[in-house]
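Presented below is the structure to which this report refers.
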Amino acid sequence: MGQKYTAAHWGSYRLAGEGEDLSLTPVDTDLNPSRIGRGWVSAMRNSDARIARPSIREGWLKHRDHDRSGDAVFREVPWDEALDMLAEELRRVIDTHGNEAIYAGSYGWASAGRFHHAQSQLRRFLNGIGGYVSSRDTYSHAAAEVLFPFVVGMSLNAVQDQTTSWSSVAEHCELFVAFGGVSARTAQVSSAGTTTHEVETWMGRARANGMACVNVSPLATDLPGAEWLAIRPGTDTALILALAHEIFAAGLADRDFLARYTHGADRFETYVMGTDDGLPKTAEWAAQICDVSAEAIRALAARMAKSRTMIAVTWSLQRADHGEQAMWAALALAAMLGQIGQPGTGYGFGYGCTTPVGRPARLVPWPSVPQGQNRVTDFIPVARVADMLEAPGAPYTYAGTDRTYPDARLVWWAGGNPFHHHQDLQRLDAAWRRPETVVVMDHSWTATARRADFVLPTTSPLERDDLMLNRRDAGLIYMSAAMPQFAEARDDYAILAGLAERMGTADAFTKGRSVDEWLRHLWERCAPVAKVAGLDLPAFDDFRREGMIRVPDEEQAKVLFADFVADPEAHPLPTESGKIDIFSPKIADADLPDCPAHPTWLEPVEWLGAAAEDELHLLSIQPDTRLHAQLDQGSEALASKIEGREVCTMHPDAAAARGLTAGDIVLLENARGACLAGLALSDQMRPDCVILPTGAWLDLQEIDGRMICVSGNVNVLTIDKGTSGLGQGNIAHTALVRVRKWDKPLPELRVTKPPRFA
Ligand SMILES: Nc1nc2c(c(=O)[nH]1)N[C@H]1C(S)=C(S)[C@@H](COP(=O)(O)OP(=O)(O)OC[C@H]3O[C@@H](n4cnc5c(=O)[nH]c(N)nc54)[C@H](O)[C@@H]3O)O[C@H]1N2
Ligand SMILES: Nc1nc2c(c(=O)[nH]1)N[C@H]1C(S)=C(S)[C@@H](COP(=O)(O)OP(=O)(O)OC[C@H]3O[C@@H](n4cnc5c(=O)[nH]c(N)nc54)[C@H](O)[C@@H]3O)O[C@H]1N2
Ligand SMILES: [Mo]
């Protein structure tokens, strides 16, 4: 007797029962299952949210208009008609404007299954018909993806693969200084799926072993039980510079390490000590900026210098204006302590941001769906999508190069939700009306699907067999379908195969394989890579019957930059200097006002240091109850809301000053937009901040002449701007808002119901 399983980015589950009796039980290997999974089945059964049939926007059908407002009217059509029309439209766009006019970056988290990965399927299909403009980097950590190759010569991926293991931290680290904390909330998920959640277990072990933790964060809850330095958001660079100043001034910098392993530390020191600009970056200087006392800064500097210290930086720090600087400054500081490359200490990027960071995974390069070759070489930095739509041909800089935006006539999204993930959504809402055609493939009526011309309903991951093959996880899962396909939904693969047939590329796209044959084919390709890693895999049918197999982690703990530090001549870093660039000549060449050539404090475009009395800093953190906007329509997220609205959290003093009490409906607003939210209170945060997690489904409604998101989508408030001319990452965490009581009638939610149909 076998066992059936399925998997998602938030966990892996044993399946039992069918229909109303279906149950998902977290796998036994999961020490600390995520709450997100509790809302999965109900979300996929939410028939108001699911897309039942191919739908075409009435305005596109009738007049080819671009009026993609969130409450457009759709017409349901049979699959054949939808695919015929889309194929014809594709041919028209390609014939008239070329494949360069198709933007299909399609960023997003889609499903954890390897075969039915929407983006992989879409890219494979589009590459087969001549290619598309793609996107680079991620919303998670674009600034880091661009910066690391400049300063350590390695990709972010490579840095993450080498990250010092939790076991090494637990054994050797005395002082863990966590910028942005280490949060069990974010550690719930792992891109491409997980069979375990172990971050809290490791932190528990480390603390039992005597490791002290300092949580440098606006929220105490980012690392409960730690010493809390309640920093003003957006000012970590200034704090780190002051720590560096104190360490230089006290003669505690590891000069040998700086000389042997870094390049340009002298330039950095000149800046930190103020020798060049007459402004020493002292503890007093930073205290004014960060709202952390000079005594606390000095005490922390002394303690860091005499302890075995890990400097950990969350990804959130670089999703902010000048996001490159803080993570780079932290690296420079770690270099000054001279503990990089030693067990359990040094520098870490992303501990707790997702489950696998710090796991000594085997990193077996499991196969994926081959995507083919893209003949279009143009791309955009992923978060610059509204810039591109607004101004084709406009110049911009990226990673030290000068570029121009392409002219996107057809926009295609599968497995992502830009009207969740992008900033300043009203700006995107306007820019989104420029292309001639928008295609969206999703299983649910997301805010993005509602703004498409062609809406193609896909099956959900619970409705199909697939393989979870995540090289950062310790298990492989055969995902079995848990429920029947919803209405007329089709797999992304089947939809694209139907289009490929119409475009004359069916054989190349499908290779004549059914889904089952593709899964077998991928599994066959797993065997050789497993063998190299010393693993023997069962035959496909045995794997399917057993459902789950273990891929034991490396026995040896990893230590970031260990080889380089052990022997910098034999293992130089792939930078020009062969060392860690604290001063980067290439960034100097790029000559960017917003990304100087060594870590530098630059004032963010919005911050509390230049705010009006009644403004609060907005923390648009990841949601506890769901993955981004996924499962917002499920029971777990819905149960957490106040009168159906997303919950924002304020300090009791900040609430009292505005006459607000817990449970109130409030309006958050700034020059970019406004949204409603229900109010909760917590004293575990800075009084000048307000938390509104991401992921409420955008529901823009005109109320008294003004557009308000009545469900609480935070991205109507955020700023759409690059981190700098280098990274061009998003700056989601840089924004100010005002909050006041909503005293008008509570508008009904529209986004929880299906759109209007002709
Ligand atoms: N203000 C603010 N904004 C942020 C952030 C922040 O911190 N603050 N964080 C950013 C970050 S780090 C990220 S990664 C992004 C996340 O942004 P996204 O990844 O775009 O968000 P998701 O809601 O996960 O979108 C995935 C979509 O894929 C769909 N999907 C799932 N399975 C399938 C499938 O099999 N086929 C198809 N076709 N579709 C499927 C889901 O229904 C969902 O609509 O958000 C970013 N936005
Ligand atoms: N439950 C759940 N977990 C998730 C996700 C999800 O959707 N749901 N999404 C996943 C994804 S795609 C990603 S990329 C990661 C992101 O992981 P992170 O980037 O770490 O997540 P955030 O929640 O945006 O931010 C973490 C904390 O940073 C703090 N912070 C914000 N600004 C500042 C600042 O200026 N200085 C300091 N010191 N701290 C600051 C906030 O208090 C916040 O709680 O999360 C992943 N984990
Ligand atoms: Mo992310």
Side-chain angles (χ1 to χ4, degrees), residues 8-10 34-36 43 106-113 116-119 121-122 138-141 178-191 215-222 229 231-236 239 313-320 323 326 350-355 383 413-423 440-444 446-449 456-461 463-464 466 491-492 495 604 607 617-632 685-686 689 691-695 713-715 717-718 730 732-735:
H9 302 295
W10 48 83
S34 158
R35 65 183 289 192
I36 297 174
S106 213
Y107 179 78
W109 270 55
S111 86
H116 293 289
H117 182 242
Q119 284 85 358
Q121 293 289 352
L122 178 60
T138 64
Y139 274 73
S140 312
H141 34 46
F179 290 88
V182 176
S183 168
R185 168 176 50 82
T186 47
Q188 289 183 87
V189 311
S190 170
S191 173
N215 175 32
V216 184
S217 185
L219 306 182
T221 44
D222 282 335
L229 279 192
I231 192 170
R232 190 180 266 163
T235 67
D236 300 77
L239 175 62
V313 178
T314 52
W315 298 341
S316 59
L317 263 72
Q318 49 83 69
R319 291 205 303 288
Y351 284 116
C353 294
T354 53
T355 316
W413 235 284
N417 186 353
F419 283 89
H420 154 70
H421 64 233
H422 196 63
Q423 286 57 60
V440 168
M441 296 161 69
D442 205 305
H443 48 63
S444 297
T446 62
T448 303
L456 306 177
T458 68
T459 51
S460 96
E463 290 152 34
R464 59 206 185 200
D466 208 335
D491 296 345
D492 295 88
I495 297 168
W607 68 301
H617 187 103
L618 176 67
L619 296 167
S620 57
I621 66 174
Q622 304 291 13
D624 195 26
T625 56
R626 58 184 176 250
L627 176 68
H628 315 131
Q630 295 191 55
L631 313 194
D632 191 41
M685 62 187 289
R686 283 180 64 97
C689 292
I691 307 168
L692 181 59
T694 66
N713 183 307
V714 74
N715 273 325
L717 300 164
T718 49
N730 75 77
H733 277 306
T734 302

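Numbering of residues begins at 1 and proceeds along the displayed sequence. One-based numbering, in listed order, for ligands and for the atoms of each. It should be emphasised that the depicted structure is a prediction, and the values quoted were computed from it without experimental measurement.
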Tell me which protein heavy atom sits closest to [atom], plus the residue, atom name and distance to 0.1 Å.
atom	result
atom 26 (C) of ligand 2	Ser316 OG, 3.6 Å
atom 12 (S) of ligand 2	His628 NE2, 3.0 Å
atom 35 (O) of ligand 2	Gly234 N, 2.7 Å
atom 45 (O) of ligand 2	Cys353 O, 3.1 Å

Can you tell which of [options] gets a heavy atom nearest to [atom]?
atom	options	answer
atom 24 (O) of ligand 2	Gln622, Arg319, Arg35	Arg319
atom 40 (C) of ligand 1	Gly415, Ala447, Ala112	Gly415
atom 32 (N) of ligand 2	Leu619, Ile621, Val216, Ile36	Leu619
atom 29 (C) of ligand 1	Asp442, Val440, Thr718	Asp442

Requested in this report: Could you tell me whether the side chain of Ile621 reaches within less than 4.5 Å of the side chain of His733, counting heavy atoms only?
Outcome: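 His733 vs Ile621: side chains touch.
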
**Report entry** Proximal ligand 2 atoms for Asp236, defined as those under 4.0 Å from one of its heavy atoms
**Finding:**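 Those of ligand 2 that fall under 4.0 Å from Asp236 are 34 (C), 35 (O), 36 (N), 37 (C), 38 (N).
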
Query raised in the report: Which ligand 2 atoms does Ile231 reach within 4.0 Å, using its non-hydrogen atoms?
Result: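 Numbered from 1, ligand 2 contributes 38 (N).
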
Requested in this report: Could you tell me whether His117 approaches ligand 1 through its side chain, its backbone, both or neither, with non-hydrogen atoms closer than 4.0 Å?
Outcome: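 None of His117 does.
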
Query raised in the report: Considering only heavy atoms, does Asn417 approach ligand 1 within less than 4.0 Å through its side chain, its backbone, both, or neither?
Result: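 Under 4.0 Å from ligand 1, Asn417 contributes backbone and side-chain atoms.
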
**Report entry** Identified ring pair (Phe, Tyr, Trp, His ring centres under 6.0 Å) counterpart of His628 within the set His422, His420, His9
**Finding:**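 Of the listed residues His422, His420, His9, the ring pair (Phe, Tyr, Trp, His ring centres under 6.0 Å) partner of His628 is His420.
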
Query - Check ion pair Asp624-Arg185 (N to O, under 4.0 angstrom) - result: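 No salt bridge links Asp624 with Arg185.
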
